[in-house]
Amino acid sequence: MSATTTQTENVTQLQLNAQPIRHALSDVVKTDDWSDFKFTPIRESTVSRAMTRRYFQDLDKHAVSDVVIIGAGSSGLSAAYVICKNRPDLTVTCVEANVSPGGGAWLGGQLFSAMIMRKPAHLFLEELGLPFEDEGDYVVVKHAALFTSTVLSKVLQFPNFKLFNATAVEDLVTRPAGPNGEVSAAGVVTNWTLVTMAHDLQSCMDPNVIELAGYKEDGTRDPSKKHGVILSTTGHDGPFGAFSAKRIVDIDNTNKLKGMKGLDMNNAEADVVKNSGAYDNVGSVYFAGMEVAELSGCNRMGPTFGAMAVSGIKAAEEILKHFAE
Ligand code: AHZ
């Protein structure tokens, strides 16, 4: 052991002696060496039941939802925050294909930690109570994971919000909506992501559905109720990305997928925000985030995240107006 190490250990020891450690378990752990430490007893089946009962209760409650958000990236989570905060009475369900929610917002860009947001997106950070460095025209969150974990922790605490992760939306439920072949989305078709990814390998494994609220038993809209909506935020093209944008141009033959264009931060961010919101030709579907760029042909913006938060907020506002009217 080197002299320096010994010295450091001595200093640490001295500090510990001078200031006894206090932590959450201090009143529970009565011994110095933890040798008689125990957890309260539990049966393995109790753990299984505690998880599965709640999951199935959630599946039951959210089988009919007012808002289904596809994708829990920065745009989807920002939208979820605004909707849940303003309308605790709505059942809001988020379906995320990945095990870990957050999409591309765990890093600022490539493998770099800092997350850049151009003003006025900093107002959303203030709303979330997130610290940032003010650089004049833009602000910097010290780690993208701080933004993502903060918005995630707030959204997950809303009682009306449920995240089903490791679950993919693999189709839309649709209903005829007019005499000329018009279609309205009435729900989402879901499956465990691993099943969705391996359909070619299975003989048969049918999916599940989450239906939008506001329909009668016969599948027609109930005029006495506000019908539910889907907000798709599945990001730009990739293994799962742009899911609903691709699906919707199959359904709506008046539109074509324009495809995300090259990187242009200045134009891309405002364009994505302006094009976020309701999709005109298929009722009940809204878009936010980079999926908007795939649908509308906007540029990409790369590692600046203001547009993701603000497009989520814009789509959320449109959805809130729908439920308020
Ligand atoms: O796993 C996906 C991710 O978490 C999820 N998702 C995609 N398809 C899905 C499906 N069912 C369920 N069929 C699905 N979930 O959607 C989430 C999308 O998050 P994201 O961070 O990729 O999208 P965003 O639009 O919120 O943020 C994009 C940020 C940007 S901009 C940019 C560029 O300009 O290059 N690149 C990124 C990542």
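Hydrogens, waters and symmetry mates are skipped; everything else that's a heavy atom, side chains included, is used. Counting convention: from 1, in listed order, for ligands and their atoms alike. Heads up: numbering here begins at 1 and tracks the sequence. Remember, it's a predicted structure, so these values are computed and weren't measured experimentally.
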Glu294 side, atom CD; Arg300 side, atom CZ - distance, nearest 0.5 Å:
9.0 Å
Give a yes or no on whether Asp250 atom CG has more than 12 heavy-atom contacts from other residues, nucleotides or ligands under 6.0 Å away.
yes
Geometric class of the Tyr55/Trp192 ring pair [parallel <30°, tilted 30-60°, perpendicular >60°]:
tilted
Assess whether a salt bridge exists between Glu318 and Lys314, defined as any Lys/Arg side-chain N lying under 4.0 Å from an Asp/Glu carboxylate O.
yes
Check: every ligand 1 N/O to protein N/O pair under 3.5 Å:
unit_1   : atom_1 : unit_2 : atom_2 : d
ligand 1 : 1 (O)  : Glu96  : OE2    : 2.6
ligand 1 : 4 (O)  : Glu96  : OE1    : 2.6
ligand 1 : 4 (O)  : Glu96  : OE2    : 3.0
ligand 1 : 8 (N)  : Phe240 : O      : 3.0
ligand 1 : 11 (N) : Val169 : N      : 2.9
ligand 1 : 13 (N) : Val169 : O      : 2.9
ligand 1 : 15 (N) : Ala97  : N      : 3.0
ligand 1 : 21 (O) : Gly104 : N      : 2.8
ligand 1 : 25 (O) : Met290 : N      : 2.8
ligand 1 : 26 (O) : Ser74  : N      : 3.4
ligand 1 : 26 (O) : Ser75  : N      : 3.1
ligand 1 : 26 (O) : Ser75  : OG     : 2.7
ligand 1 : 34 (O) : Met301 : N      : 3.1
ligand 1 : 34 (O) : Gly302 : N      : 2.6
ligand 1 : 35 (O) : Arg300 : NE     : 2.9
ligand 1 : 35 (O) : Arg300 : NH2    : 2.7
ligand 1 : 36 (N) : His236 : NE2    : 3.2

Is the closest side-chain donor-acceptor distance between Arg247 and Ser232 under 3.5 Å?
no
Do we get Lys162 above Phe164's six-membered ring, with its NZ or CZ under 6.0 Å from the centre and within 45° of the axis?
yes
